[in-house]
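A quick note: this is a predicted structure, and the numbers were derived from the prediction, not measured.
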Amino acid sequence: MKLLNCLPLALLLAAPLAALAQGHAHVHGLAKLDIAIEAKKITVSFETPLDNLVGFERAPRTDSERKRADEAVARLRDGDAMFRFDPAAGCKLARVELTSAALKLGQADATPQVGHAELEGEWEFDCADATRAAHVEVGLFAFNQLKRVQVQLALPKAQLKRELKRPHTRIVLGP
Ligand SMILES: [Zn+2]
């Protein structure tokens with residue numbers, strides 16, 4: 001998964017600035033979700049414009065913005081509510097990692113992006129048998145600005161693409 005993620009970044013870095021501005025995949029209303037299923041582990045990676053979560057894309061400036069940011073972070077940290085896997089797989093949330101320079105999450109010394117800040121999340125679930133997860137209910141549409149999620153599934157024997165559109169919340173984890 002890491003290698004796949006590095007490729008577009010390498011292309012972006014090589015591209016001239018003008019092309020970079022036009023070609024950036026940051027689209028408001030849209031987010032990306034990768035779900036990797038291994039024998040006893042499911043890893044969910046999420047990448048979204050900050051606007052989808054809090055309605056602004058920089059460090060919070062007012063008390064109400066700080067409150068909105070805190071609420072969004074608390075909601076994302078509640079991984080069991082964000083991603084409810086098929087009980088047949090017996091999954092338990094093991095780890096959550098949120099990264100956003102604008103919200104001072106994760107790599108604290110990273111330079112905040114100028115405009116169009118983003119947030120990345122990673123949730124790891126330990127499962128009795130992850131391959132028995134036939135579906136997952138996604139709670140991300142609790143964020144009203146989020147309209148559409150592009151999903152990549154990495155199953156033990158297949159890679160699949162899905163798209164989840166509000167008001168749907170269920171992703172089928174199989175062919
Ligand atoms: Zn933006």
Side-chain angles (χ1 to χ4, degrees), residues 1-2 4-13 15-36 42-85 91-125 136-152 162-171:
M1 293 310 287
K2 285 274 183 270
L4 282 175
N5 284 339
C6 285
L7 190 61
L9 180 64
L11 290 175
L12 275 175
L13 289 175
L17 271 179
L20 196 150
Q22 287 170 2
H24 198 295
H26 177 122
V27 176
H28 292 186
L30 180 67
K32 287 182 192 163
L33 195 66
D34 287 358
I35 302 176
I42 298 180
T43 308
V44 181
S45 309
F46 178 56
E47 197 183 311
T48 180
L50 203 51
D51 183 73
N52 290 342
L53 306 178
V54 293
F56 55 87
E57 298 199 313
R58 43 165 175 74
R61 288 175 187 156
T62 63
D63 284 347
S64 90
E65 286 185 352
R66 268 184 285 274
K67 186 163 171 264
R68 227 180 308 159
D70 288 348
E71 283 168 0
V73 168
R75 194 175 259 171
L76 290 169
R77 284 200 193 285
D78 187 3
D80 289 317
M82 282 290 113
F83 306 101
R84 291 193 302 280
F85 286 95
C91 296
K92 267 177 62 181
L93 182 67
R95 187 177 64 85
V96 185
E97 201 177 306
L98 302 177
T99 308
S100 170
L103 299 188
K104 294 193 164 61
L105 292 168
Q107 312 138 336
D109 49 345
T111 316
Q113 293 149 284
V114 180
H116 292 291
E118 304 193 337
L119 179 142
E120 286 173 28
E122 192 167 290
W123 296 260
E124 211 173 88
F125 294 84
V136 58
E137 294 289 337
V138 175
L140 290 168
F141 290 138
F143 297 102
N144 290 325
Q145 314 269 38
L146 184 60
K147 307 294 181 212
R148 206 150 55 87
V149 181
Q150 286 175 342
V151 185
Q152 287 209 67
R162 293 279 146 82
E163 186 168 280
L164 196 62
K165 261 188 194 158
R166 177 183 290 274
H168 301 284
T169 56
R170 175 173 287 209
I171 301 171

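- Atoms CG and CG, from L103 and L50 in turn, are 4.5 Å apart once rounded to the nearest 0.5 Å.
- In this structure, E65 pairs ionically with R58, as a charged nitrogen and a carboxylate oxygen lie closer than 4.0 Å.
- In this structure, the separation between CG on L33 and CD on E163 is 12.0 Å, given to the nearest 0.5 Å.
- Contact annotation: the side chain of F85 approaches that of V44 to within less than 4.5 Å [non-hydrogen atoms, C-beta and beyond].
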Report task. List the steps, then state whether side chain to side chain contact (heavy atoms under 4.5 Å, CB included) holds for F46 with M82. Result -> CA-CA 11 Å; F46 178 56; M82 282 290 113; over 6 Å; no
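- Considering all non-hydrogen atoms of both residues, W123 and G79 come closest at CD1-CA, 3.6 Å.
- Note that the CD atom of E122 and the CG atom of D34 stand 9.5 Å from one another [nearest 0.5 Å].
- In the model, E137 has a side-chain atom that pairs as donor or acceptor with a side-chain atom of T169 under 3.5 Å.
- Taken to the nearest 0.5 Å, the NE2 atom of H28 stands 5.0 Å off from the NE2 atom of H116.
- Between V54 and A72 the shortest heavy-atom distance is CG1-CB, 3.8 Å.
- When all heavy atoms of V27 and P49 are compared, the pair lying nearest together is O-CG, 3.5 Å.
- Counting heavy atoms from C-beta on, the side chains of I171 and V138 come closer than 4.5 Å.
- The two atoms that bring D80 and R84 nearest to each other are O-CG, 3.1 Å, heavy atoms only.
- In plain terms, the two heavy atoms of Q145 and D51 that are nearest each other are CG-O, 3.7 Å.
- T43 OG1 to E124 CD: the interatomic distance, rounded to the nearest 0.5 Å, is 4.5 Å.
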Requested in this report: Could you check R66 against D63 for salt bridge (Lys or Arg N to Asp or Glu O under 4.0 Å), going step by step and ending with a plain yes or no?
Outcome: CA-CA 5 Å; R66 268 184 285 274; D63 284 347; 3.3 Å; yes
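- Under the 4.0 Å criterion applied to side-chain N and carboxylate O atoms, E71 and R75 are not assigned as salt-bridge partners.
- With rounding to the nearest 0.5 Å, the separation of CG in L140 from OG1 in T48 is 8.5 Å.
- The side-chain heavy atoms of P60 and R68, taken from C-beta on, include no pair separated by under 4.5 Å.
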Requested in this report: Let me see the working for N52 and F143 under side chain to side chain contact (heavy atoms under 4.5 Å, CB included), right down to the final yes or no.
Outcome: CA-CA 7 Å; N52 290 342; F143 297 102; 5.7 Å; no
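- A 4.5 Å side-chain heavy-atom check between L76 and L53 finds at least one atom pair inside the cut-off.
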